[in-house]
Amino acid sequence: MTEYSSLEKIRLEKIEQLKAEGINPFPHRSQRTHISLQAIAALEAAEKKASPGVSPEEVTATLAGRIRAMRPMGKLTFAHIEDGDGRIQIFLRINELGQERVDFFNNKLDLGDFVQASGSMMRTRAGEPTLLVRDFSILAKAVSPLPAAKDETLEDGSVIRHAALEDSELRARQRYADLAVNPDVRKVFRTRSAIIRFLREFLDEHDFLEVETPILQPIYGGAAAKPFVTYHNQLKQNLFLRISFELYLKRLLVGNLERVYEIGRDFRNEGVSFKHNPEFTQLEFYWAYADYLKVMELTEQMIAYVATQVLGKTKFTYQGMELDFTPPWKRLELRQGLLDVTGIDIASHPTSASLLDALKKMNKTPDPKSTRGKLIDFMLSEFLEPTLIQPTFLYDYPRDISPLAKSKANDPMTVERFEGYVAGFELCNAFTELNDPLDQESRFLEMGRDYSQDDEEKHPMDEDYLRAMRYGMPPNGGFGMGVDRLVMLMTDKHNIRDILLFPHLRSEEQNS
RNA sequence: GGGCGAGUAGCUCAAUGGUAGAGCAGCGGCCUUUUAAGCCGUUGGUUGAGGGUUCGAAUCCCUCCUCGCUCACCA
């Protein structure tokens, strides 16, 4: 049974009073004719058209929205209502409505209620576009008061937010309330939507086919991560929530779909942090007859396209860093990058023992049981990654941490793979895809041999994937990107929770 | 999982061992161009939960919960 606060009890009483007067506090329909921006635009157009000294043609409108501010002054009331796109002032006066209706507005309606108001557009003494109300009605009563937020607009137009909802947990848990009171938050999610829309648009225009592949998979693969496990009752079968789309998308290349992509949710059963949510949005594409160098070019074009469409520019600031996404991005061979920051040339250390020995002079030491590839990965994340601020493609990776990538023709221990880094973190990952079924099978076997059972780097053998590859897979380049990271960059948010509508949080029941 | 910090009214925050407070929101008044409207009055609390020390705990101690930062883990 819901327990109501004293504030809510007062509002519940008002609902009963409305019902007693024959007024439905939750009517079925609204007669809105204008959103706030349209009404203001219509007023401005009429003012422009009017001849000097003549009052402009009357603009009538029915507006609808949530009451966000109320300033009752006895015989008149000013209020602001907010709709999806903005705020507009409405003005109620006994001259038009009579004392009884003005009192009704002041006494029976509350902040947060949805109302509609009809009348004509005017300007107040202060010049603010305002609806002079001739009729109004309630559209939906709010039982609970919104977490308060008041805006003060200064002379210079800047807005100070008073009593804003700031508790980050509450904002994430009750995103609906956060969105209702914080217009900036609505803007972040509009931007997120636009980023995804323009990613699609870019790939569609480059003849990529958007496809949907299974989220519930009998064998997981395509990435190094722990999966979530679930169970199909009737089939009596364990299923995994996918950790990547890779193996399914590449099956489609076997089927002569030459350019495919998917934007969807991946699930990884790992730690939660400011840049990790258990489910996150991933973009992957696979491109037949391309290699990782062509993918690199397409990547920088794609990001620049999205930035231009969404932000109107390819240079923008993230957490105080001025980032320039204008193609071409910097290209840096992983070996060279590591040599620059550590003085160690991985090419002169062909074994893990030798490389581990060289690493002993560094101030941070890796897990001594690591394979050579894992040692290189350690060097990358510890010493090189934090230095990569401007968009940079790091390329040519060790083979044993890249079991699905194709080796370089002249160097079997190195694969054609690149990762895009920006602002000190990884944005995307791509390679010339391994399409030799015999090589792929031996890679799977290698993983089984060199990595312990619980190692996330270990990929389970996927027999059906090998069967598909044996029918022949065209040479191709593949690409994967964490869309949430891109959204963080373009909205200048440091925490992934700020760009997920409903980030993962512990259940409220667990609290005490 | 480790370290540090935080949790007080619907919201934003005070109160450092001695009667739990302010602003906003709410409620009752006054007010015909306000805009964080203003003025007068007023309601509202298991101080995250539990235990302990003390004559007395929001405050000190212990345990737990949640959140944030950070380290570890982690494409």
Side-chain angles (χ1 to χ4, degrees), chain A residues 4-11 13-14 68-80 87-97 99 102 106-107 110-112 122-128 130 132 142 144-154 159-174 177 181 222-226 243-244 246 266 268-278 280 282 364 367 374 377 380-381 385 397 401-402 417 419-421 425-430 455-457 480-482 485 494-495 497 505-512:
Chain A
Y4 291 105
S5 69
S6 58
L7 275 65
E8 289 167 330
K9 284 175 185 157
I10 289 161
R11 292 180 177 217
E13 274 173 35
K14 289 183 183 181
R68 292 305 315 284
M70 247 172 135
R71 293 180 291 280
M73 300 177 61
K75 294 188 169 53
L76 56 97
T77 291
F78 289 94
H80 272 95
R87 240 174 215 237
I88 189 167
Q89 182 167 255
I90 64 174
F91 178 26
L92 299 91
R93 211 163 49 163
I94 60 167
N95 309 38
E96 285 77 24
L97 291 163
Q99 188 71 57
V102 173
N106 294 343
N107 297 329
D110 292 292
L111 296 179
M122 54 163 280
R123 281 191 189 270
T124 60
R125 273 180 203 162
E128 181 167 349
T130 299
L132 179 61
S144 304
L146 285 171
K150 297 187 90 173
D151 291 340
E152 177 181 12
T153 309
L154 300 180
V159 174
I160 298 176
R161 176 142 290 230
H162 299 274
L165 180 63
E166 280 178 348
D167 182 274
S168 63
E169 183 191 356
L170 198 62
R171 287 182 46 217
R173 228 179 256 292
Q174 300 189 25
V181 302
K226 292 195 188 81
I243 58 172
S244 94
E246 175 153 2
D266 271 344
R268 297 188 183 176
N269 207 337
E270 293 166 350
V272 178
S273 81
F274 73 93
K275 56 179 179 176
H276 296 273
N277 196 61
F280 62 98
Q282 180 88 347
K364 291 182 183 175
D367 178 356
K374 287 208 141 188
D377 194 42
L380 164 59
S381 52
E385 181 170 340
Y397 278 65
I401 54 167
S402 315
R417 170 181 176 182
E419 292 186 313
Y421 282 88
F425 64 76
E426 180 196 334
L427 178 64
C428 58
N429 179 21
D455 195 307
E456 293 180 357
E457 218 74 47
M481 177 175 71
R485 300 268 173 93
H494 176 63
N495 196 318
R497 283 190 170 170
L505 298 166
R506 282 184 173 77
S507 307
E508 290 183 79
E509 289 74 30
Q510 289 176 9
N511 306 3
S512 60

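Values below: every heavy atom of this structure, side chains too, minus hydrogens, waters and symmetry copies. Quick note on labels: first sequence line is chain A, next is B, and so on, each numbered from 1.
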Gap between atoms [atom1] and [atom2], on [X] and [N] respectively (whole Å):
X      : N     : atom1 : atom2 : value
A:Q174 : B:U66 : CD    : P     : 18 Å
A:D110 : B:C27 : CG    : C1'   : 11 Å
A:E169 : B:C65 : CD    : C1'   : 10 Å
A:L7   : B:A9  : CG    : P     : 13 Å
A:N495 : B:U70 : CG    : C1'   : 13 Å
A:E8   : B:C27 : CD    : P     : 14 Å
A:L165 : B:A9  : CG    : P     : 14 Å
A:L97  : B:U33 : CG    : P     : 16 Å

Checking [X] side chain against [Y] main chain: does a donor-acceptor pair fall under 3.5 Å?
X      : Y      : value
A:K14  : A:N107 : yes
A:R173 : A:L505 : no
A:Q174 : A:R171 : no
A:N277 : A:F280 : no

Non-hydrogen atoms of [X] and [Y] that approach each other most closely:
X      : Y      : answer
A:R268 : A:S244 : NH2-CB, 4.3 Å
A:E270 : A:A224 : OE2-O, 4.0 Å
A:K275 : A:R485 : O-NH2, 3.4 Å

Using the [atom1] atom on both, measure [N] against [M] and round to a whole Å.
N     : M     : atom1 : value
B:A58 : B:A72 : P     : 40 Å
B:A22 : B:C39 : P     : 16 Å
B:U54 : B:G3  : P     : 29 Å
B:G38 : B:A20 : P     : 31 Å
B:C60 : B:G2  : C1'   : 25 Å
B:G48 : B:U8  : P     : 6 Å
B:G68 : B:U12 : P     : 15 Å
B:C27 : B:U16 : C1'   : 35 Å

Task: Ion pair A:R93/A:E96, N-O distance below 4.0 Å - done: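 Salt bridge: yes.
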Open item on the list: I'd like to know if A:R11 and A:E13 make a salt bridge, using a cut-off of under 4.0 Å between side-chain N and carboxylate O.
Closed with: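 No, no charged N to carboxylate O under 4.0 Å.
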Can you tell me the base-pairing partner of [N]? Count Watson-Crick or G-U wobble geometry only, both distances below 3.5 Å, and say none if there is no partner.
N     : result
B:U66 : B:A6
B:U19 : none
B:G1  : B:C71
B:C30 : B:G38

Open item on the list: Nearest heavy atom decides the nucleotide; on that basis, is A:M122 or A:D167 closer to the 5' end of RNA chain B?
Closed with: A:D167
Task: Closest-nucleotide 5' rank along RNA chain B - winner of A:S168 and A:P147 - done: A:P147
Mind listing the N/O atom pairs, protein and nucleotides 3-6 of chain B, below 3.5 Å?
none

Base, sugar-phosphate, or nothing for [X], non-hydrogen atoms under 4.0 angstrom?
X      : result
A:R11  : nothing
A:L111 : sugar-phosphate
A:K14  : sugar-phosphate
A:L146 : nothing

Task: Worked check of side chain to side chain contact (heavy atoms under 4.5 Å, CB included) between A:L380 and A:Y397 - done: CA-CA 10 Å; A:L380 164 59; A:Y397 278 65; 3.9 Å; yes
Open item on the list: Less than 3.5 Å apart, any donor N or O on the side chain of A:Q89 or A:R71 sitting next to an acceptor on the other?
Closed with: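 Looking only at side-chain atoms, A:R71 and A:Q89 do form a donor-acceptor pair, the distance falling under 3.5 Å.
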TODO: Give a yes/no answer on whether the side chain of A:N107 brings an N or O atom under 4.0 Å of OP1 or OP2 in B:G28.
DONE: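 For B:G28, neither OP1 nor OP2 has a side-chain N or O of A:N107 closer than 4.0 Å.
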TODO: Scan nucleotides 34-43 of chain B nucleotide by nucleotide, 5' to 3', and note B when protein non-hydrogen atoms come under 4.0 Å of the base, S if they reach only the sugar-phosphate, - if neither.
DONE: BBBB------
